[in-house]
Every structure is written in C-alpha cells, then in structure tokens.
**Q** 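After the structure tokens below, expect a handful of questions from me.
Worth saying up front: this structure is predicted, and the values here are computed from it rather than measured. Chain letters run A, B, ... following the sequence lines, proteins first, then strands; residues in each count from 1.
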Amino acid sequence: MKALLGSAGSGPAREAALALADGTVYRGHGFGASAVRDGEVIFNTSMTGYQEIVSDPSYAGQIVTMTYTQIGNVGVNPEDDESRRPFLSGFVVKEFFDEPSNWRARGGIDGFLAEAGVPGICGVDTRALVRRIRDAGAQAGVLSTDPALQAADELVALARRAPGLDGHDWVAKVTCDDPYRWDEGRWGGVGGQLPAPPRPERRLELVAYDFGIKRSILRLLVEQGFSVTVVPANTPAREALALGPDGVFLSNGPGDPRAVRGVREIVRELAESKPLFGICLGHQILGLALGGEIRKLKFGHHGGNQPGQDLATGRVAICAENHGYAVDAESLREAGEPVDVTHVNLNDGTVEGLAHRTKPIFSVQYHPEASPGPHDASYLFSRFRDMVERHAAGDAVTGALVATNQAC
Amino acid sequence: MPRREDINTIMVIGSGPIVIGQACEFDYSGTQACKALREDGYRVVLLNSNPATIMTDPETADHTYIEPMTVEAVERIMEVEHPDALLPTIGGQTALNLAVALADAGVLERHGVQLIGASLAAIHKAEDRELFRAAMDRIGLEVPISGVAKCLEQAREILKRTELPAIIRPSFTMGGTGGSVAYQDGDFDGLVEWALDQSPSGECLIEQSVLGWKEYELEVMRDHADNVVVVCSIENFDAMGVHTGDSITVAPAQTLTDREYQVMRDAAVAIMREIGVDTGGSNVQFGVDPKDGSLVVIEMNPRVSRSSALASKATGFPIAKIAAKLAVGYSLDEVRNDITRETPASFEPTIDYVVTKVPRFTFEKFPAADNTLTTQMKSVGEVMAIGRTFKESLQKAIRSLEIGHAGFETPALPDGTQGEEMLWGSIDVPRPGRPWAIAEALRRGASVEELHRRSLIDPWFLRRIKEIVDAEADLARADTAQREAWLRQAKQLGFSDARLADLWQTSESEVRTLRHRLGVRPVYKRVDTCGAEFEAHTPYLYSTYEDECEARPSDRKKIMILGGGPNRIGQGIEFDYCCVHAVFALRDAGFETIMVNCNPETVSTDYDTSDRLYFEPLTLEDVLAISDTEKPDGIIVQFGGQTPLKLAVPLEQAGAPIIGTPPDAIDRAEDRERFDELLETLGLQRPAGGVARSAGEAEAVAERIGFPVLVRPSYVLGGRAMQIVQDVAALRNYMRFAVRASAAHPVLIDCFLNDAIEVDVDAICDGERVVVGGIMEHIEEAGVHSGDSACSLPPYSLPSEVIEQIVESTRKLALELGVLGLMNVQYAVKQGELYVIEVNPRASRTVPFVSKAIGRPLAKLAALVMVGKSLDELGLTEEIIPGHYSVKEAVFPFVKFPGVDTLLGPEMKSTGEVMGIDSDFGRAFAKAQIQAGNSLPVGGTVLVSVRSDEHEQVVQPVRSLVENGFKVVATRGTARVLLEHGIESTTLNKAHEGSPHTVDCIESGEANLVINTVAPDTKAIEDSFSMRRAALQRGIPYCTTLAAARASAGAIRALQQESIGVRSLQEIHAKM
C-alpha cells in the first residue's frame, strides 16, 4: 500500500534499510541514489549546514546520521559546496524535503545525492540510532536503497564484512590528482552582514596539502593574503619546497591518520624549515610526525557546538568539530618533543590544539573554518598569517609564541 | 572566575502583575534566578507586587516584599535591607525600567548598590532607539531607516525618509505597547501621538517598514570573560509586521543555510559586545529579506525575555538560572549543564525535534477591539509543543490551545463568493485564525505560491500545512484497510485522535480503541540540550510516534499533576502556582511527582520543578497516554483550573485514578438542577433562577424571576459570555447572538442582586474537617466579575453574624460535596441575607493571595489532604484571621485595545493582580491601587460624573475628598446633588454636549482623579466612553463603581496621614 501523503518526504516512497554490524536494522524510505553502500555509522549534531557536511570529504567512508530532523529545507547551492562532490557513503535523516525554500537554492538534496551516487534513508528513528551509537560506539553499517536488497540478515552480514576506517588509507580516495592554484575568497552575498576585514596587501606563498581539503579553508587562507597551491597528499616534501612556499598547510581529511601512506615522513621534513598549520586530520598527522600516538574515540565529535577552550586565555570558542580520532596527549609528552597542548574540548578533555615550542608550528583538531558552524575560532587563520610573515622576515617565531599571543 | 565575594545581599526585582507582553515567564525566570543565587550562598531580597507567583513565596527569597514597585518603595526597602547589588535583568521591562529610574533618582548611588547583569550604559544603549542605531552603525550592521521623534512634527520629518508604511515604536515599553504600523497618511498622526503618550520617555521611533521580511530571534548569553553562546534560534512563521509574541514561532530556525545563520550569529555576538551586556542573556531580533538574504537588526533586549523563557523550555538550557550565575562572577565553563551533568554550560544546545509556539488570544472578551495582528502584542498566553517534525509539533500545538480545535478543521464560512472573499481576507491580513484559513485555501486548491504572495509566510511552512491537508484528504477517503495501514503514519504527522474521528465520522474513543488494537501508541523522548550526544539525567519528555521510548517510568509511589495549559483571561498564573505547590508538597512527602503541561511561560514546566515533566497537550488523548505509560497512583485535576477539571470525568471513565474531590462533586456543583437539590438539602439559598435550553424557556424564566437577570452559559470560567440583561429585548438579543443554547449546553438565568456585596471564600476540607482559608469581601458590588473586583481579607465591612453564616454554609457545602482538597464559594450578601452564587470544588484564582495573606500554603496542604493526610496532622484546624489587611486588585489590558471600554461587568477582563498589605484597610487599598498603576493622588481635582440613581451615594466619598483638600468638578446633574449637600463644584458639560467638557478636563491634566458610574444603557455608556478612555490614556486613576470611589477616598485619607511603609512577607508572617 502506498504511503500516506505528506508522510514520507517528497516523491514516491522507496523502501530502504540501514543495518548495523551489531544486528540492528532500521527501516525507512530511500532517497538520493539507488545503491548499497557500507561505512562507519556516525552522527552529526549540526542543525544547519547539511550541504557542507554532505560535501565535506572528511566523511568519506562514513554513513552520516543527522540528529536534527528537518533536512533539505534550504536545498543546495553552488557556493556552499566544500569539495567537487560528496564522498560520504550514506545519509540518514528523520525527514527530508526536496523542494527548497531559500533564495540561493539551485536544487534539492535528493538530486544532489543521487547525482553523487550517495544513498539516503529517511523516516528512521534517528534519535534511537544516535543513542545506540553513543552507547555502543561508532560501528560499521550498510545502507541500502536498492529494492532488491532489503533482507535484514543479508544487510547485517554485509555490515559485518565492511572494512571500516581503521588501517585504511581514505585520503588516497579523496585527494586531488594534480596540483592546482586556488584564489577565491569568502562568499559575501548577504547584505547587512558584518564587514569583512581588509585583506593584507602583501601576498605570501602557501602550499596546502590536500588530504580532503574543504574549500572554506582555502577561502579563508586566500583572505589572509596567501597565494595558495593545493598539492596531492603524497607530494614529496622536496617538490612542495620547490614551489618556494612561505608556509605549508596540512588539511583536514577522512579516516585513520595512521594509515595515510608516507605523510608522516613528508611532514617531518617540512617541519624542519617551514611554518606549518594543521587542521583536523592535518593536526593528527602532525601529532604523529612529532612522535605522538593516535587513539580512536568512541563515537567521535561531529557537530558545531563543541566547547573548545584556549588554555592560554581560558576563553571558550564554540567549535565545529568532525573527528573520530584524537592525538594522545600523554604519548606526546613521552616522545619528548617540545610541544604544548593549547586547546582542549571541555566535554571530554581531548586534545584540540598543539603548538611547538621551538618551531613555527601549530595545529588544531577542530575546524576554525567552521562551514558549518560558528566562526569563533577563525582568528587562527590570522594567527597563521602572522606566524608565516614573521618567519619570512627572519623572526625566531614559534607555534607556542603565537599561541599565547593574547592579542588575537 | 568563581563567585564574587565582595557582595552578600542581592536585590532582585520581579515583573509585577501579569499584563499582555509580560506574563508568568518572569515568574519562571525570577524563581530560577533567586534559587540559583541562594544556592550560592547569597542573601536575596525580592520585590514583586504580584502575589500569584512562586517567586513571592516566602521560601523563594530570604526577604520578600509584596509592595509597590516604585522608586520610593525600593528606597525604603534598601534602607532596611542594605543590598550590595541589584539584579534588574530577570524581571522583564518593568524591572529594567525601575532600575533605570532608581539610577536616575540617585537611589543606587545613595545606598551604594551596584547593578549586576547589565550596566546602566548598556541598558540605555539597547533601549534608547537613537543610541542603539548609532551602536549598530559603529559595528557596520544595518538597521531599518529610522529616526527618533519627540513630537509629531519631528515624526513627519522622519516619515519623508522612511515612507509609508512606517512602523511606530515607542521607547522603553514592553510587548510593543503603543506600537503600530501606519499604512496611510491619514492614520499617521494619531498613531504617533498614541505612541508618544505610551512611552515613559515621551519618544518614539519612526521606522522604515520591512513588512514581509522573515523574522528571526537569537537568544544569546555572555559571561564576564567574553565567552558568548547562542542558546537557541527562533524563526517566526508570520513575517515581519506581526509582534513576535503574537506570531507562531518555531525553533530552531528552518529556512537559513549555515552561512546565513552564522552571519546572524556573528552579528548577535558583535551586538552583545558593542552594547556591553556584561553578563547574562539577551534577545536579538533580525529581519531577513527573503529575496536576497539582506539582514537588518530590529532590536535587542538586554535582559531575560519571553523568548528566553521559550528558548529555555525549547532546549533545556536554563537561561535565567545561568544568567544569575554569570551575574555573580561565574564564567560559562564554570557552570555545569544539569541535564548531562558532565558537560559545561559553555556550549550551544542542539535539538533533535521541532518546537512550535502558538499564541493564545482572547478577542472574544473585547468585541470592540481590532483583532488585526500588528507590532503591538495582543495575545494573553501561549502554548508550546514539541514534535520530532514540524508537522507533528504544529498539530500538537494547535490541540494544546484549547480553543476548540483538534487540528485544521474547516472554518465556518458562507457559501459562494462571499465566503471566498472572507477566506482570503483572513489570509491577506494577519489575524488569529489565519493558519486555519490557509489550510482551507489549500483544500480549495490554492497554490503555495499564491498563499506565499498574499500571506508573506515562507513557502517552507506553507508546504508543511499543505502536506497535512493532503494527508487529511487521503485519510478522509480511506477505507477500513487503509485506515489501519495509515494510522501510524497519521499519528506521526501529528493528527489527534479527535481529528481522525472527525475525518472518519466516528468517535474519539473508537479511534483510540483502534489505535490500541493495532499497537499504535506514542513513545516518549527526552529533551536533553545535546541531540542525544550525552546521556540525559532529567526526565523532561515529549511524545512522538517512533520506535524507542525513553520514559523509563520508575516503580515509586507517584502522583501526576495536570497543569492549566495556556494563560488566558480567567485562567492564569494562579493555577500554575497551585500546581507547583502541589508538586513541592508531594515531593517533600516522598512521592514521585509527574507534571503535565504545555505552557512554556510557567514554573511548572521548569524541568527541575517536578521529578518528571511531560511537555504535552492537556487533552484526554495525551493525558491518558502518559497515564498508561507512568501508571501513577493518583492524578490531581483540581489545581490547574478548568482545563484539567474538564478531563476529570472522561479520565475517570477511562479508569485513570483521580484523587481528591470525586469528579461527581464537580458535576453536582456545575449542574443547575443537582446544585439546587444540594442547596435545598443544606437549607441554603441562592438568587432565584432557572435553566433555559431555548430562547423561549429563557424568557419564561426571566418573566418569573423579574429583570434584571444575570445570564451565562454553563461550564465556563472567567465569566465568558456572562451578561446582566435589563429587559426582554436584550434577553432575546443575547439568546440569539451571544450563545447557542441547547439541551447539552443550557443557559443559566439568575435574578441579579442589585447593590449586593460579593464575598469569595476559599476553604480546605479533608472529608471530616473544613477550615476556611480566607473570606474576601469584594470592593465592587455584585455584577462585577469576582476576578475583576478588588477584595479585602479579612472583610472590612461585613457584620460578624454574616461572617459566621458564611463559615457555616461553607462547612456544610464542603462536607456535603465530599470535598477532598480545596473549594471556592462565591456568596452575595444583600440586606443581611446570604445567597450562594456558585461553588467550585477546586483550587481557585485567589488561593495564592489567600495563602500569602494568612501565611499558610493552602495548595500544598490541599495536595497532602488528597493523598490521605488529615488537617489535624497538617496542623491546620481553624481559620487564621490575620491582624493586617490584604487587598487584591485586578490589572486590566485596556490600554492595549484602543476603542475598548473600561467599564467592568460580569465577564472577566483582567489579566493579572497585585496585592497590597498593610495594617489598615485604607492603606492596604492604597498600596494595591499604586501597584495596579492607579497611583492615587493626595490632592488636586476630582472629576465626578455619576448615574442619577447614585447621586446621593456619591456624596459621602466626595465629601471625604473635599475635606482632604480636593477641588471638585462635576457634570450638571451630579453637581446639583452635591450642592444640595453643601459641596461646591465647577460644572462641566458631558463630552457629547460640547466644550468645556469632561474629556477636555482630563486631557488638559486638570483632573487628578475621576469618579464615573454609568447606568446600564447603551446610550449612557456611549456618551461617557470617551471620558473613561481619556483617563486611561492619560494614566489618571478612575473609579467606575461607587464602592471603588468610597475605598479610594478612604485610601487617599490614609495616604495623606502617612507615606507608605514596607514590610517583608517573612516579617508579617512571623508576627501572626
């Protein structure tokens, strides 16, 4: 029997199911692509910005559940894409709407996912699913919108065979094939918003390692007066250095940082001579390069409301975070590298920021570029600019020095 | 930084009586703040003139002053209490304005009191339209083109820039009082003059209209370390132009991309910093152009507001409590999130449901008022509903309203073009019924695009209503198999059983039976601030139709208390007070308490008031479902007013364990024939009367008992549609237009007792013993609704034989009805004879007033009686007659409704109340008048114009005024009689007789007090209307009854003898 009008999102109802490795099966209606995909099932607590989430390459290999229930309201638009296409494995929502209501919308979420080959499921008791993940931890799952594959036992068996994130190099699947230049600044289309600070006049050369980089990071780097060259994740250090950068940026990206081939060595080499700034996976890779260890979190931090405290000032920024792994603070101390923990997450005390005491290096686990999320931490981009500029001028600037700079 | 050690005593100011724009949300925030401050070891001194609040319970603050909220009274209190700091940000606009007045008068400086929460500079910057606009300019934010006018000429100058339509906003008022939209040049001058009148600073803003833009609000908190969090975003369903208090609002915002939302968030944070709100919560309102996303700042309130109460309930983040903590030095990361226990308050709540607030209007009380929704708030209450989707949440909110809607019923419209025009008329112009009109237009095939164009409501919301309407069409056509297959989906869309019964032409109980047979039952989810990221330790629950239930009921002994639903005239904060008291008493007695309510403004819906909170509609369906889940040992229905009382019989029939007075007693008291039998058995009398089920019967009854008669429908609260009818023609008119009498809904007709004194009695009964809580003698004579009449406890003029008779009758009634708990009786005394007017076997509106007057918490005691305690055990065995006088006075919303008369009658019109306590009646009455905004003059001129049959009686109070130095001006008839009694006066024309007339006398400022009574005929009322209205607009105290005139004259005498003193409630109670 057909579904009651108004009850199944827009469009005709399609059967869909999400199976977890622990045997739980959630049934609902499908949208997006007709496909069967596996991935690590996680949840994101942002109430706005589903388009940025869906198009963030950091979600490669994951099935993302939105805790907020009304998804698709504002459609999708070209400016808010964070990458060339969605890389996530699946999208789980309570209710979605395909007809957008927003002046910038150029299409609906349904078509957007379908085009990218990503299946979506709606009508799920997402809160029950989130509570399950919270209590049991993130785990492998399979999302099927294929009418031919809906049997619970088959789906659960597939979920149990899913490779998961640990030990797999997901960066290789999302990084760019060739270097490219990026010169677009921030989108500024809203009248009445706070005026943007003027861009610094002097341009500095920057190489950005693409582990799955978000465009909003690139935009903010450009706003800081960097001329940005984006390079593939496996670009050898000497090739990057040959581009003559004043600084190097290590981007966010998906999956297990320990499994990304070759980057530890690359970063170690870059750290010898260049100012470095890492975000998210870039921060974790830096942590590894400095001799630290990585641990996996139970279900990670994925959302735009996390309290990140700057230990130098005591101030709390409301942070966008998206990570399932974290740098282990103890291991860094044991490694003997002169590195300070500069930021912590006040919910669970995890390391959210590092700064080097002798080198111009710092990094954060959270996302100062937000998108989606609050802009509280965007000052870190100007801090980076400041560090690179001083380093280029021959100052003995360090990450720790700029991290305690109260002026920011 | 931890708590400040340099302050010890903190004075907190409440918001005074409930008025439109300032309701019980400030009791909620004030109570939270007082609790939070005392938790931290501060000594809290509280001032609030509203007795019906939890805030003014003697337990909430260390010292509680129910005194006039004036600079003089505060200074007296400061002289006694020596506070170190004043927290002005949790008592609404009233507290903020009083704080500014205290600072301006030098009182704060004189007593070394510092403002905490918001500095004077910040308050000025936020409230002064000119300073605010300059501040926004500095940080580069846009505000609508505007200018501040102090006179009409300036206003017209500004209008050249803003053009029409223009928004007119007076400075320093709350709920948009005096605000309006001028569409046409002809309206502009009058609207500006009104606004200038309403503003305490005599200025108003003329602002470019952004009508039709989308309206948003952000609730923002900041601590002294400059950490800022946004607690909640709210999107208005109605576009700009409708006051946010009158708009349906939805949390979180629905139609913003993250980029747009963050631009707004950045702006809100920048505004907090620029305005300089040191600590605490603020509310910032924005307009967004739907065409290109342009953003303008509309206004910000540097204080806890109605929206912050809503945001607190919507997210579980207690804004007022945390604002209080931040005000005394804590930073956000030092305050714990009570719900998760492990995480700090320095985060932004995320919600995994949709919250919809719908305002409740009472235009039926003010037929002369314009019900167009504009920039001045007109609603008297609100409901909030939580659902997992907007559709579910909206439909739950609709059935929570208790306005006879179970869903989107088809509105009654005439056939043909006329109906079509009426339909679109109510879509083009925002009015209370617009959502139903939109649904009907969709049903008739209108497109979302057209509806958007005409209503300016965002298409996203309109599409959701369309989905509901489409589903209804499916459901209405469904055969039995489809009904069964679709039932679950229908429930997920928020359809009530009652609405499904309508669509299927069956009964609600049939639908419920089907639902139970198919196992379609709600589950309960928790409100946890964090979208389930952390475990919630507080059972704050809402229903939905999904897989997993998080209710996890305990196996403790438990009592469920049903709340009062939305505030409305006749049923307000007093009932929430009673419910909260029941919770406190039962919790202390070891029971688990379960609260059910849907009013976000209340203390009862604070998650830490009861052990478990169900934020749910108070309908039979929703209450039964909770009862099925919780399986309580008892359900209390007698504290929440008429709302839960209506459910008593059906709940009992469905097997729910009602405790307290048996539901049948309610029927015996309400059903006219059974009530007559009861009185006969007890040998009591009531005014002659009868029941009419048709117009013919009504005439027969009236002929028998003689005119004037009092007519009303049975089973109503607040005197809804109650009238005094003088003759047959008026009776016919009433039966034709005012009510639709039928066998099921008869009309009650009673002999009207002219000049009788009314008396209200609250009593408590444990089945064996009856103790009178308080006897209240009304000031206004019978004919004025008891809720609108001032009253005195103890009685100030009743002879002791009558009082003895009252006590005895009350005792008999309670025992005969089998009351277990509270009972209220209204009596009339005429020529020494006692008449029973009505009996309500439930908590009444006056319970908080009485409790504070006698120093005993009647509602708490009643709750304990209901669970089996005897009055003996509770230590209340005899009536307490206090040695001081307590006077309750009513507060009216007339000023909000231009064109509405201020005469009082049998239909209740007041929104709130104040209490004056003093050693004699005159002084207590004077205090109550000051608190009600009727600041009695101690000298000057009294304008007297009374009906001819009252000429003789007005002599005494006028003489008293003359003796106390007043000059008299009077209309001719009155003047003649006064002269006959040796009182000289200047004569004036009545307004319709031409200048110099009464209205001139008021508008010129000559009159300081007006005494005006009118014969109950339309012409006399119309002739004197402009005089009363002028007095109201000018804020000149006026008496519309002789009784009030007498009491006022006495009060003025008392005021002349000695200026007012202040005493704390704790001190008063200790002396009893």
**Q** For the side chain of B:Asp333 and the backbone of A:Gln309, is there at least one donor-acceptor N/O pair under 3.5 Å apart?
**A** no
**Q** Please look at A:Gln51 and chain B and tell me whether the side chain, the backbone, both or neither of the residue comes under 4.5 angstrom of a heavy atom of that chain.
**A** neither
**Q** Relative to chain A, which of B:Thr255, B:Thr389, B:Asp223 shows the most heavy atom pairs under 4.5 Å?
**A** B:Thr389
**Q** Using side-chain contact (heavy atoms from CB on, under 4.5 Å), reason through B:Glu260 and A:Trp103 one step at a time and then give a plain yes or no.
**A** CA-CA 11 Å; B:Glu260 292 150 8; A:Trp103 61 284; 3.1 Å; yes
**Q** Measure B:Val228 against the heavy atoms of chain A and call it side chain, backbone, both or neither at under 4.5 Å.
**A** backbone
**Q** Could you pull out the closest heavy-atom pair between A:Met47 and B:Ile351, with the gap in Å?
**A** SD-N, 3.4 Å
**Q** Between A:Ile318, A:Ile133, A:Thr67, A:Val130, which residue shows the highest count of heavy-atom pairs closer than 4.5 Å to chain B?
**A** A:Ile318
**Q** Tell me, side chain or backbone of A:Phe43 under 4.5 Å from chain B's heavy atoms, or both, or neither?
**A** side chain
**Q** With a 4.5 angstrom heavy-atom cut-off, is it the side chain or the backbone of A:Asn102 that approaches chain B, or both, or neither?
**A** side chain
**Q** Is it true that a side-chain atom of B:Arg259 and a backbone atom of A:Glu79 form a donor plus acceptor pair closer than 3.5 Å?
**A** yes
**Q** Highest number of heavy-atom pairs under 4.5 Å with chain A: which of B:Lys214, B:His452, B:Lys291?
**A** B:Lys291
**Q** For B:Glu472, is it the side chain, the backbone, both or neither that has a heavy atom under 4.5 Å from a heavy atom of chain A?
**A** neither
**Q** Looking only at side chains, do B:Asp458 and A:Ser101 share a donor and an acceptor under 3.5 Å apart?
**A** yes
**Q** Checking B:Lys525 against A:Asp125 for the side-chain contact (heavy atoms from CB on, under 4.5 Å) test, could you report, in this order, the C-alpha distance in whole Å, the side-chain angles of both residues, the deciding distance, and whether it holds?
**A** CA-CA 11 Å; B:Lys525 302 275 186 195; A:Asp125 184 345; 2.8 Å; yes
**Q** Counting only heavy atoms closer than 4.5 Å, note whether A:Ser216 contacts chain B via side chain, backbone, both or neither.
**A** neither
**Q** Does A:Arg127 qualify as a cation-pi partner of B:Tyr353, given the criterion of NZ or CZ under 6.0 Å from the six-membered ring centre and within 45 degrees of its axis?
**A** no
**Q** If we ignore hydrogens and angles and just use 3.5 Å, is the side chain of B:Arg388 paired with the main-chain N or O of A:Lys94 as donor and acceptor?
**A** no
**Q** Tell me if the CD atom of A:Glu15 is crowded by more than 12 foreign heavy atoms within 6.0 Å.
**A** no
**Q** Between B:Trp460 and A:Gln70, is a side-chain contact (heavy atoms from CB on, under 4.5 Å) present by the stated rule, with each step listed?
**A** CA-CA 11 Å; B:Trp460 192 85; A:Gln70 310 288 278; 3.7 Å; yes
**Q** Among B:Val230, B:Thr544, B:Asn227, which residue forms the greatest number of heavy-atom pairs with chain A at distances under 4.5 Å?
**A** B:Asn227
**Q** Output the distance between atom CG (B:Asp258) and atom OG1 (A:Thr48), rounded to the nearest 0.5 Å.
**A** 3.5 Å
**Q** Would you give the length of the straight line joining atom CG of B:Asp352 to atom OG1 of A:Thr45, rounded to the nearest 0.5 angstrom?
**A** 10.0 Å
**Q** Distance from B:Asp547 atom CG to A:Thr126 atom OG1, nearest 0.5 Å?
**A** 10.0 Å
**Q** First locate atom NZ of B:Lys466, then atom CD of A:Glu99, and finally report the distance between them rounded to the nearest 0.5 Å.
**A** 9.5 Å
**Q** Between B:Val269, B:Leu475, B:Asn337, B:Asp289, which has the largest tally of heavy atom pairs under 4.5 Å with chain A?
**A** B:Leu475
**Q** Out of B:Phe534, B:Phe286, B:Tyr261, return the one with the most heavy atom pairs under 4.5 angstrom to chain A.
**A** B:Phe534
**Q** Are B:Glu467 and A:Phe97 close enough that some pair of their side-chain heavy atoms sits under 4.5 Å apart?
**A** yes
**Q** Within the side chain of A:Arg134, is there an N or O that forms a donor-acceptor pair under 3.5 Å with the backbone of B:Ala532?
**A** yes
**Q** Under a 4.5 Å heavy-atom cutoff, which of A:Leu346, A:Asn77, A:Asp135 has the most pairs with chain B?
**A** A:Leu346
**Q** So, for B:Ser346 and A:Pro307, which heavy atoms are closest and what is the spacing to 0.1 Å?
**A** O-CB, 2.9 Å
**Q** What part of A:Asp348 is in contact with chain B, defined as an atom under 4.5 angstrom from a non-hydrogen atom: side chain, backbone, both or neither?
**A** neither
**Q** For a quick test of reading the model, state the closest non-hydrogen atom pair linking B:Glu348 to A:Pro374 and the distance between them.
**A** OE1-CG, 4.2 Å
**Q** Indicate whether the side chain of B:Glu533 and that of A:Asn347 have a donor and an acceptor atom separated by less than 3.5 Å.
**A** no
**Q** Return the CD to CG distance between B:Glu548 and A:Leu129, rounded to the nearest 0.5 Å.
**A** 10.0 Å
**Q** What verdict does the side-chain contact (heavy atoms from CB on, under 4.5 Å) test give for B:Phe390 and A:Glu95, after you've listed the backbone C-alpha separation in whole Å, the side-chain angles of each residue and the deciding distance to 0.1 Å?
**A** CA-CA 10 Å; B:Phe390 173 66; A:Glu95 189 176 32; over 6 Å; no
**Q** Do you know which two heavy atoms are closest between A:Val124 and B:Glu546, and how far apart they sit?
**A** O-OE2, 3.8 Å
